[in-house]
**Student:** 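Once you've had a glance at the structure underneath, I'll fire off some questions.
If you're wondering where the values come from, they're calculated on a predicted model, not measured in any experiment.
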Amino acid sequence: METITLKNNLSSFIGLSREKTNSFLGIKYADSKRFEKPILKTSYESIYDATKYGPCCPQMRTYIPEDENSMYFREFRENLEFTYDEDCLSLNIFSPKDATFSAPYPVLIYIHGGSFTRGSSSERPFDGSNLAKKGLIVVTINYRLNIFGTFQGKNLMLYDMKCAIEWVYKNISEFGGDSQNITLAGQSAGAMSSQLLILNDEIKKMVRRSILISGGGCLKGIFGPKNKIFAKSFYKDIEKYLKKQGLDALKCTPNQLFDSFHYVCKKRPLNAAIMAVFPVFDNEIVKKLVVYSVLKKNKEKKQIDCLLSTTKDDLNPRSYLEKSAKNYASKLNKFSKAKVYLVKMNHGLPPENKAFHSSDLWYFFGNLDQHTWRKFSDKDFEISEQIMSRVVSFCSTGKLDFEPNYYYIYI
């Protein structure tokens, strides 16, 4: 792998060059102060080193070593090293080389999941190079998590994502992307976030369509936005815990802040902790009337075209995510002008043949060969090629290789 220098109006970005793709990693898209909204980055020094991923937001694994036998460690993070910092608002751009594809390219912005408490864009499945080879610019982002992104129900994580989308919209043409053809995608918490964001009028001006993986449709219930009262009660307990130690939430170290968050989480039931870190109705970026209006007849208001997907063994044995996706797709198809596709992946990963929550991400990004221990067959690679081709088709034209509007595919 060699380095490449891209000179544009922003800066001279030094990235990485592969056989058919370029990647520019760890580009800072915003500045932020603790518990404040992000400020869009508009200028850079003359030379910007974009050859390595930016830091992740501090989280559990920052301070407490992961169990090396835990499922998602083995799936996504085995043999990888990460850095952590509150100053974590960076993005990564994977693009095809001009010698193979003609610009401008359609753009996919991907938001990782992790229950709004953990995760990063530099985990193993999220390398966008294989999608880029097919003529798509892929952008992955880091955003603030847990107490850093959700303090007192401020929805800071959503403002981070919105800021990243704005950065891409304003600057992706400098990297060969089409700012008028952006698809917003996410999985799990990333899908829930994307769904809320595309209901925002400002986002609608920048995003043409969306892909919601294992989280689309969750507008009500345990995974839907919460009343702010839950978050305020939760974070009031955190501030009391800090005060007993003579600490202040604004001035203490990131370690002390996360420790207080972790302590209160352990003292409360799981559902109460979830209510505190999920998005809340703040009547600004998440408006209750707007969110719930999509579930009612409203043919006059154009909704963004969606591709929703789940997996066979997705998260909940009662298929909560699948039912939510079906309900949302049905409502969009019936009550709006949006085109909607509904997909379910039945194919399980070897050797246990389970299509668990997030298992489809290996196929979505085409990174089966990067898995540290699973042995994938030719059939797996064939399915991954099909999925990537459909992703590129949807991002490019809004269409897949099948009709009608409302359709189930079982892969």
Side-chain angles (χ1 to χ4, degrees), residues 26 28-42 54-66 82-91 111-121 141-164 189 192-193 196 225-286:
K28 192 174 176 65
Y29 65 82
D31 294 306
S32 64
K33 295 181 180 179
R34 183 177 289 183
F35 306 147
E36 293 185 12
K37 293 177 183 178
I39 300 173
L40 184 70
K41 194 83 173 168
T42 58
C56 321
C57 182
Q59 52 197 279
M60 180 80 76
R61 67 182 194 236
T62 311
Y63 308 109
I64 302 173
E66 285 191 280
F82 302 90
T83 58
Y84 303 91
D85 198 304
E86 273 192 81
D87 186 15
C88 64
L89 304 186
S90 66
L91 54 79
I111 302 173
H112 72 78
S115 301
F116 298 102
T117 60
R118 58 192 178 273
S120 75
S121 63
I141 72 169
N142 279 348
Y143 56 95
R144 284 175 285 182
L145 303 164
N146 52 74
I147 190 170
F148 301 97
T150 63
F151 185 70
Q152 293 182 342
K154 291 186 175 182
N155 284 334
L156 294 171
M157 68 293 198
L158 295 181
Y159 287 102
D160 293 346
M161 298 168 193
K162 180 175 178 287
C163 200
M192 297 171 203
S193 301
L196 294 175
K226 303 293 181 285
N227 190 308
K228 215 169 184 178
I229 191 172
F230 293 111
K232 287 194 171 183
S233 171
F234 182 86
Y235 288 108
K236 188 175 181 179
D237 284 353
I238 287 177
E239 290 178 291
K240 286 180 180 177
Y241 176 74
L242 288 168
K243 191 174 181 179
K244 285 181 180 178
Q245 302 174 77
L247 299 173
D248 180 86
L250 273 174
K251 298 176 182 178
C252 66
T253 67
N255 191 346
Q256 291 167 332
L257 189 62
F258 184 83
D259 178 68
S260 68
F261 170 78
H262 183 50
Y263 174 83
V264 174
C265 281
K266 289 191 297 182
K267 293 291 183 181
R268 289 202 172 198
L270 177 61
N271 285 355
I274 287 175
M275 287 180 181
V277 299
F278 272 45
V280 302
F281 291 110
D282 61 0
N283 205 32
E284 187 177 348
I285 198 167
V286 184

**Student:** How close do Ile147 and Phe35 get, heavy atom to heavy atom, and via which atoms?
**Tutor:**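 That closest heavy-atom pairing would be O-CE2, 3.7 Å.
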
**Student:** Side chains of Thr253 and Gln256 only: does a donor on one sit below 3.5 Å from an acceptor on the other?
**Tutor:**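 Judged by distance alone, the side chains do pair up.
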
**Student:** Working to the nearest 0.5 angstrom, can you tell me the gap between Ser260 OG and Tyr235 OH?
**Tutor:**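 Atom-to-atom, Ser260:OG and Tyr235:OH are 9.5 Å apart.
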
**Student:** Which word best sums up how the rings of Tyr241 and Tyr263 line up, parallel for under 30°, tilted for 30 to 60°, or perpendicular for over 60°?
**Tutor:**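 Answer is parallel, since the angle falls under 30°.
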
**Student:** With salt bridge (charged side-chain N to carboxylate O under 4.0 Å, His left out) as the criterion, how do Asp237 and Arg268 come out once you've worked through the C-alpha distance, each side chain's angles and the decisive distance to 0.1 Å?
**Tutor:** CA-CA 10 Å; Asp237 284 353; Arg268 289 202 172 198; 2.7 Å; yes

**Student:** Using a 4.5 Å cut-off on heavy atoms from C-beta on, say whether the side chain of Thr150 contacts that of Val280.
**Tutor:**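 Heavy-atom side-chain distance check fails, nothing below 4.5 Å.
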
**Student:** Could you check Ile141 against Met161 for side chain to side chain contact (heavy atoms under 4.5 Å, CB included), going step by step and ending with a plain yes or no?
**Tutor:** CA-CA 8 Å; Ile141 72 169; Met161 298 168 193; 4.1 Å; yes

**Student:** Could you give the distance from CZ (Arg61) to CZ (Arg118), rounded to the nearest 0.5 Å?
**Tutor:**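 The CZ atom of Arg61 sits 9.5 Å away from the CZ atom of Arg118.
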
**Student:** Tell me whether the count of non-hydrogen atoms from other residues, nucleotides or ligands lying under 6.0 Å of CG in Leu250 goes above 12.
**Tutor:**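 Yes, because the 6.0 Å sphere around CG of Leu250 holds more than 12 heavy atoms from other groups.
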
**Student:** Is a side-chain N or O of Thr62 found less than 3.5 angstrom from the main chain of Gln59, in a donor-acceptor match?
**Tutor:**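 Judged by distance alone, yes, a pair lies under 3.5 Å.
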
**Student:** Tell me, do Cys88 and Arg144 make a side-chain contact under 4.5 Å, heavy atoms counted?
**Tutor:**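 Of all side-chain heavy-atom pairs linking Arg144 with Cys88, at least one is under 4.5 Å.
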
**Student:** Less than 4.5 Å apart, any side-chain heavy atom of Phe151 and any of Arg34?
**Tutor:**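 Result no, sub-4.5 Å side-chain heavy-atom pair not found.
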
**Student:** Closest heavy-atom contact between Gln152 and Glu239?
**Tutor:**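 Minimum heavy-atom contact is NE2-OE1, 3.3 Å.
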
**Student:** Mind checking whether Tyr84 and Phe82 have parallel, tilted or perpendicular rings, split at 30° and 60°?
**Tutor:**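 Ring orientation of Tyr84 relative to Phe82: tilted.
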
**Student:** Considering only heavy atoms from C-beta outward, does the side chain of Phe116 approach that of Leu145 to under 4.5 Å?
**Tutor:**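 No, their side chains stay 4.5 Å or more apart.
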
**Student:** CG/Leu89 to OH/Tyr29 distance, rounded to the nearest 0.5 angstrom?
**Tutor:**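 Answer for the CG-OH pair, Leu89 versus Tyr29, is 4.0 Å.
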
**Student:** What residues form a salt bridge (charged side-chain N to carboxylate O under 4.0 Å, His left out) with Glu66, not counting sequence neighbours?
**Tutor:**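 For Glu66, the residues satisfying salt bridge (charged side-chain N to carboxylate O under 4.0 Å, His left out) (neighbours in sequence not counted) are Arg77.
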
**Student:** Are a donor atom and an acceptor atom from the side chains of Tyr159 and Glu36 found within less than 3.5 Å of each other?
**Tutor:**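 No.
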
**Student:** Work out which heavy atom in Pro38 is nearest to a heavy atom in Asp160; give both atom names and the distance.
**Tutor:**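 It is CG-OD1, 3.4 Å.
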
**Student:** Would Asp248 and Lys243 satisfy salt bridge (charged side-chain N to carboxylate O under 4.0 Å, His left out), going step by step from the backbone distance to the final call?
**Tutor:** CA-CA 6 Å; Asp248 180 86; Lys243 191 174 181 179; over 6 Å; no

**Student:** Is Lys28 close to Asp87 at the side-chain level, that is, under 4.5 Å between some pair of heavy atoms?
**Tutor:**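 With C-beta onward as the side chain, the pair touches.
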
**Student:** If I compare all heavy atoms of Gly26 with all of Ser90, which pair ends up nearest, and what's the gap?
**Tutor:**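 Closest approach of Gly26 to Ser90, heavy atoms only: C-CB, 3.8 Å.
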
**Student:** Can you see which heavy atom on Gly114 is nearest to which on Ala189, and at what distance?
**Tutor:**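 Closest pair (atom of Gly114, atom of Ala189, distance): N-CB, 4.1 Å.
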
**Student:** With Phe281, which residues qualify under ring pair (Phe, Tyr, Trp, His ring centres under 6.0 Å), at least two apart?
**Tutor:**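 If we apply the ring pair (Phe, Tyr, Trp, His ring centres under 6.0 Å) test to Phe281, skipping adjacent residues, the hits are Tyr292.
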
**Student:** To the nearest 0.5 Å, what is the distance between CD1 on Ile111 and CG on Leu91?
**Tutor:**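 Between Ile111 CD1 and Leu91 CG, I get 11.5 Å after rounding to 0.5 Å.
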
**Student:** Looking at every heavy atom in both Ala276 and Ala231, which two are closest together, and how far apart are they?
**Tutor:**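 Shortest heavy-atom contact: O-CB, 4.0 Å.
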
**Student:** Can you tell me how the ring of Tyr143 sits relative to the ring of His112, calling it parallel under 30°, perpendicular over 60° and tilted otherwise?
**Tutor:**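 It falls in the parallel class, under 30°.
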
**Student:** Got Cys57 and Phe148 here, is their nearest side-chain heavy-atom distance under 4.5 Å?
**Tutor:**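 SC-SC contact between Cys57 and Phe148 confirmed.
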
**Student:** Is there side-chain contact between Cys252 and Gln245, with heavy atoms separated by less than 4.5 Å?
**Tutor:**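 Side-chain contact under 4.5 Å: no.
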
**Student:** Counting neighbours of CD1 on Ile64 that are heavy atoms of other residues, nucleotides or ligands and sit closer than 6.0 Å, is the number greater than 12?
**Tutor:**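 Buried by this count: over 12 neighbours within 6.0 Å.
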
**Student:** Is there a side-chain contact between Ile238 and Phe261 (heavy atoms, below 4.5 Å)?
**Tutor:**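 Yes; the side chains approach each other to less than 4.5 Å.
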
**Student:** Run the side chain to side chain contact (heavy atoms under 4.5 Å, CB included) test on Tyr63 and Asp259 for me, step by step, so that the C-alpha distance in whole Å, both residues' side-chain angles and the decisive distance to 0.1 Å come before the verdict.
**Tutor:** CA-CA 9 Å; Tyr63 308 109; Asp259 178 68; over 6 Å; no

**Student:** Measuring from His262:NE2 to Leu257:CG, what's the distance to the nearest 0.5 Å?
**Tutor:**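 If we round to the nearest 0.5 Å, His262:NE2 and Leu257:CG are 13.5 Å apart.
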
**Student:** So Ile285 and Lys162, side chain to side chain contact (heavy atoms under 4.5 Å, CB included) or not? Walk me through it.
**Tutor:** CA-CA 9 Å; Ile285 198 167; Lys162 180 175 178 287; 3.9 Å; yes

**Student:** The criterion is side-chain hydrogen bond (donor to acceptor under 3.5 Å, both in side chains); which residues satisfy it with Asn155, sequence neighbours excluded?
**Tutor:**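 Asn155: side-chain hydrogen bond (donor to acceptor under 3.5 Å, both in side chains) contacts with Asp282.
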
**Student:** Taking atom types as modelled, is there a side-chain donor on Asn142 or Ser121 under 3.5 Å from an acceptor on the other?
**Tutor:**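 On atom types as modelled, these side chains qualify, holding a pair under 3.5 Å.
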
